[in-house]
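Quick notes on the structure that follows.
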Amino acid sequence: GLLQAHPGDGTYVLRRDRLDAALQHRLKNAKLSEILEVRLTLETDIVRMASERSTEEDLAALTAAKEQRDNAELNTEEFVKRDMEFHLQLARRCHNVLLYELYESCIASIEEEIRLYQDYSENYRQIEEHKSLYNAVVSRNAEQAASAVRALVEMERDSFQSVGVL
């Protein structure tokens, strides 16, 4: 956890949920453009690391998450849950606990952004774009994975800009 120094009293480890609560409060008040920038920054490095560090077992879990995400019969609510799980699987596969926990703390804001995106885009499921991302990670092409995630987030940003949300 994070250390907090109290001169004359000692240094204390802050509980994760306190940190998470502070971050959640900050994210709740963030602009959509800030959330997209944070998402792009985190996910770019996450997919690079996942491409380089995933084990065969990791890739099997990622494949299962992608297949569940791509189920055409999912209603919108279930789709969003499966999409978030796919992205969390990617974050787990980077094998950096701190980065995973930071991303996990941001997931509620990212989920809200995805819900908003579906209101403004006919292509909100981004099947082909996620397929490119998945294929890059599975083929261990870190730069292609980073490029694919940039394309996903930029597509969302462009859609928001085109309708005046950003």
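The chain is numbered in sequence order, starting from 1. Computed from a predicted structure; not experimentally measured.
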Check: Which atom pair, heavy atoms only, marks the closest approach of A65 to Q89?
Finding: CB-CG, 3.7 Å
Next item on the list: Report yes or no: do Y134 and T63 form a side-chain donor-acceptor pair below 3.5 Å?
Entry: yes
Check: Is any side-chain heavy atom of D58 less than 4.5 Å from a side-chain heavy atom of R92?
Finding: no
Next item on the list: Report yes or no: does T44 contribute a side-chain atom to a donor-acceptor pair with the main-chain N or O of T41 at less than 3.5 Å?
Entry: no
Notebook entry, point to check: Are the side chains of I35 and V38 in touch, meaning some heavy atoms are under 4.5 Å apart?
Noted result: no
Next item on the list: Report the C-alpha distance between N71 and F79 in whole Å, list the side-chain angles of each, state the deciding distance to 0.1 Å, and finish with yes or no for side-chain contact (heavy atoms from CB on, under 4.5 Å).
Entry: CA-CA 8 Å; N71 180 345; F79 169 76; over 6 Å; no
Next item on the list: Identify the two heavy atoms, one from A136 and one from A145, that lie closest to each other, and give their separation to 0.1 Å.
Entry: CB-N, 3.4 Å
Notebook entry, point to check: Would a 4.5 Å heavy-atom cut-off, applied to side chains only, mark L40 and R150 as touching?
Noted result: yes
Next item on the list: Of all the heavy-atom pairs spanning C106 and L27, show the shortest one and how long it is.
Entry: CA-CD1, 3.7 Å
Next item on the list: Determine the minimum heavy-atom distance between V137 and V47, stating which atoms define it.
Entry: CG2-O, 4.3 Å
Check: Donor-acceptor pair, R93 side chain versus E52 backbone, under 3.5 Å?
Finding: no
Check: CZ/R48 to OG/S147 distance, rounded to the nearest 0.5 angstrom?
Finding: 9.5 Å
Check: Just checking, is any N or O donor in the side chain of N135 or S132 under 3.5 Å from an acceptor N or O on the other one?
Finding: no
Next item on the list: Could you walk me through whether L36 and F160 pass side-chain contact (heavy atoms from CB on, under 4.5 Å), step by step?
Entry: CA-CA 11 Å; L36 287 165; F160 288 134; 4.0 Å; yes
Next item on the list: Would you please name every residue forming a salt bridge (charged side-chain N to carboxylate O under 4.0 Å, His left out) with E77, sequence neighbours left out?
Entry: R115
Note to self: Within the structure provided, determine whether L88 and Y100 are in side-chain contact (heavy-atom separation under 4.5 Å).
What the structure shows: yes
Checklist line | Separation between CG of L133 and CD of E128, rounded to the nearest 0.5 Å | finding: 12.5 Å
Checklist line | Gap separating the OH atom of Y124 from the CG atom of D83, nearest 0.5 angstrom | finding: 10.5 Å
Next item on the list: Could you list all the salt bridge (charged side-chain N to carboxylate O under 4.0 Å, His left out) pairs where at least one residue sits in residues 32-41, not counting sequence neighbours?
Entry: R26-E34, R39-E43, R39-E113, R39-E156
Margin query: What's the separation between atom CG in L116 and atom OG in S121, rounded to the nearest 0.5 Å?
Written below: 11.0 Å
Notebook entry, point to check: Should R125 and L74 be marked as a side-chain contact (heavy atoms from CB on, under 4.5 Å) after you check the CA-CA gap, both sets of side-chain angles, and the distance that decides it?
Noted result: CA-CA 11 Å; R125 292 190 183 220; L74 293 176; 4.1 Å; yes
Notebook entry, point to check: Do N141 and E143 come close enough that some side-chain heavy atom pair is under 4.5 Å?
Noted result: yes
Check: Hey, mind stepping through E129 and R69 against salt bridge (charged side-chain N to carboxylate O under 4.0 Å, His left out) and telling me if it holds?
Finding: CA-CA 13 Å; E129 294 79 7; R69 180 200 181 280; over 6 Å; no
Item checked: Over all atoms of both residues, closest heavy-atom pair of A91 and C94 -> O-SG, 3.0 Å
Note to self: List the residues meeting salt bridge (charged side-chain N to carboxylate O under 4.0 Å, His left out) with R157, not counting sequence neighbours, and say none if there are none.
What the structure shows: none
Checklist line | Cluster overlap V80 with I127, hydrophobic side-chain contacts below 4.5 Å | finding: no
Check: Do the side chains of V153 and V163 join up, straight or via other hydrophobic residues, at under 4.5 Å, putting them in one cluster?
Finding: yes
Checklist line | From CZ (R82) to CD (Q68), nearest 0.5 Å | finding: 5.0 Å
Notebook entry, point to check: Run the side-chain contact (heavy atoms from CB on, under 4.5 Å) check on M155 and Y117 step by step: do they pass?
Noted result: CA-CA 10 Å; M155 177 185 291; Y117 180 63; 3.5 Å; yes
Margin query: Count I, L, V, M, F, W, Y as connected when their side-chain heavy atoms are under 4.5 Å apart, and connections chain through other members. Are Y120 and L32 then in the same cluster?
Written below: yes
Next item on the list: Please round to the nearest 0.5 Å and tell me the distance separating atom CG of L42 and atom CD1 of I107.
Entry: 10.0 Å
